[in-house]
There are 2 protein chains.
Amino acid sequence: MSAAEETAEPHDDTAKPWGEVTPEAARKLLVAAVEAFAERGYHATTTRDIAGRAGMSPAALYIHYKTKEELLHRISRIGHDKALEILQAAAGGPGTAAERLDGAVRSFVRWHAERHTTARVVQYELDALSDEHRAEIIELRRRSDTAVRRILNDGVKAGEFDVPDVPGTTLAVLSLCIDVARWFNAQGRRTPDEVGALYADLVLRMVAAQK
Amino acid sequence: MSAAEETAEPHDDTAKPWGEVTPEAARKLLVAAVEAFAERGYHATTTRDIAGRAGMSPAALYIHYKTKEELLHRISRIGHDKALEILQAAAGGPGTAAERLDGAVRSFVRWHAERHTTARVVQYELDALSDEHRAEIIELRRRSDTAVRRILNDGVKAGEFDVPDVPGTTLAVLSLCIDVARWFNAQGRRTPDEVGALYADLVLRMVAAQK
DNA sequence: CGGCGCGCTAAGCGCTTGCTCACCTTCGGG
DNA sequence: CCCGAAGGTGAGCAAGCGCTTAGCGCGCCG
């Protein structure tokens, strides 16, 4: 990070979701793009729509971003960084494998529910990225997979878990959590916390050793 | 049925994937559209691309379909009918709740893996449908939900399952299966049968009563 | 054999798209 | 009090979009 960069925000990016995006106009455009992409999908969203939601002219977009695809990449990159951070924090934390798996699923699911607008873009618009940008993102996803697999392996080694197929179960756990972004509805009956608790319970049952 | 066995059921026209679509030219266009939609997404696919894949001129599309959206609707409708049929067959079949749930997940997942190109369109392009068409499809999805919930309720009543939150678990089971269409890769290591078996096992663990 | 209708194509219409460019403000520093 | 950079706008371009239309070839029936 360059010392010349000046931010009014303290180093808490969880309080203000897109706090790392500056200046203000660039953030407004990015937030507008997240909403539009989540609602209609990347390809069905026009640059005029994004600019309009941000209260600016279509040309303003190109002062802060080179192309529409770069906007998607910035969103995807920041979102994947956050998702990976959540999983790695849970995987590397203290506690038994069961406790860490519970924490990982709970917080990962809560993020997908709470920020389901962002998550929908992050998880379901990968195909719209350029080859280079997609490769960069896929590497982040590989690391997410590694973090979860580590918890499962630890649990098996410790005798806490009974998991015949660790790679397959890792895939299933991540898939289950990610798909929350697709169906979660903020107006629905369940809160993000409730979904997180339910899913953590279901996942723990999937891997639990028989007693 | 043994794994990796190639079967071409002669008497069943649903075994031939798009057998119900006639005439031949309409089927060729529809198959081309499924491929294109699955690869690039509905909005990123052009009518010229679809026609080109079918070896026809762009105008030919409009002899058999009124609009590009009608093509998507036909695909979505046929796919959802098939998915619902699979679940209802499993839910209404013989056997214990555990056996029926195993069968439902196994065949539902196998369909999503085997026909993941179709399933990707069917499951992830709903937003592109018109309001009327989407409402029609959502009704089919509601019935899929009902079929699975029925199995879970039966299992709880019979004491086979321990499921504190039946609606939530129903959602999770369906979500898990559906998301197979997103990540499944035909060139990957796992066959559709293997994924079906793995997932059936994981789901049964999620709902099993403690012993 | 003549004519008719169906399936298809070549050409293209009207419109929207991502993006650009000439120009206009605003504003801190000499 | 002027200046230049930074950030914004209105108008518009080239390309590509979904879709239409005029007309062509060809199997079928009298």
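To find a chain, count down the sequence lines: A is the first, B the second, and so on, and within it residues start at 1. This one's a predicted model, so the numbers in the text were calculated from it and none came from an experiment. Computed over heavy atoms, backbone and side chain alike; hydrogens, waters and symmetry mates excluded.
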Chemist: Indicate whether any N or O donor in one side chain lies under 3.5 Å from an N or O acceptor in the other, for B/Glu70 and B/His133.
Modeler: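 No donor-acceptor contact under 3.5 Å links the two side chains.
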Chemist: Counting neighbours of CD on B/Glu132 that are heavy atoms of other residues, nucleotides or ligands and sit closer than 6.0 Å, is the number greater than 12?
Modeler: no
Chemist: In residues 52-67 of chain A, which residues come under 4.0 Å of DNA chain C by heavy atom?
Modeler: A/Ala59, A/Tyr62, A/Thr67
Chemist: For B/Leu29 and D/dG18, give me the distance from atom CG to atom P, rounded to whole Å.
Modeler: 14 Å
Chemist: Establish whether the base of D/dG16 is bridged to the side chain of B/Arg48 by a donor-acceptor pair shorter than 3.5 Å.
Modeler: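 Check fails, no donor-acceptor contact within cut-off.
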Chemist: State, to 0.1 Å, how close B/Arg100 and B/Gly95 come at their nearest heavy-atom pair, and which atoms those are.
Modeler: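 Smallest interatomic distance, heavy atoms only, reads NE-O, 3.5 Å.
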Chemist: Quickly work out the B/Glu70 CD to D/dC19 C1' distance and round it to whole Å.
Modeler: 14 Å
Chemist: Could you check how far CD1 of B/Ile50 sits from C1' of D/dC17, rounded to whole Å?
Modeler: 12 Å
Chemist: Rounded to the Å, how far apart are B/His43 NE2 and C/dG18 C1'?
Modeler: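 B/His43 atom NE2 is separated from C/dG18 atom C1' by 17 Å.
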Chemist: What is the distance, rounded to the nearest whole Å, between atom CD of B/Glu24 and atom C1' of C/dC6?
Modeler: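 That distance rounds to 17 Å.
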Chemist: Quiz question: by atom type and distance under 3.5 Å, do the side chains of B/Arg150 and B/Gln88 form a donor-acceptor pair?
Modeler: no
Chemist: Answer yes or no: is there a side-chain heavy-atom contact under 4.5 Å between A/Val163 and A/Val166?
Modeler: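 Yes, close enough: below the 4.5 Å cut-off.
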Chemist: For the pair made of CZ in B/Arg27 and P in C/dG7, what is the distance, rounded to whole Å?
Modeler: 15 Å
Chemist: Scan side-chain atoms only and decide if B/Gln123 and B/His112 contain a donor-acceptor pair under the 3.5 Å cut-off.
Modeler: yes
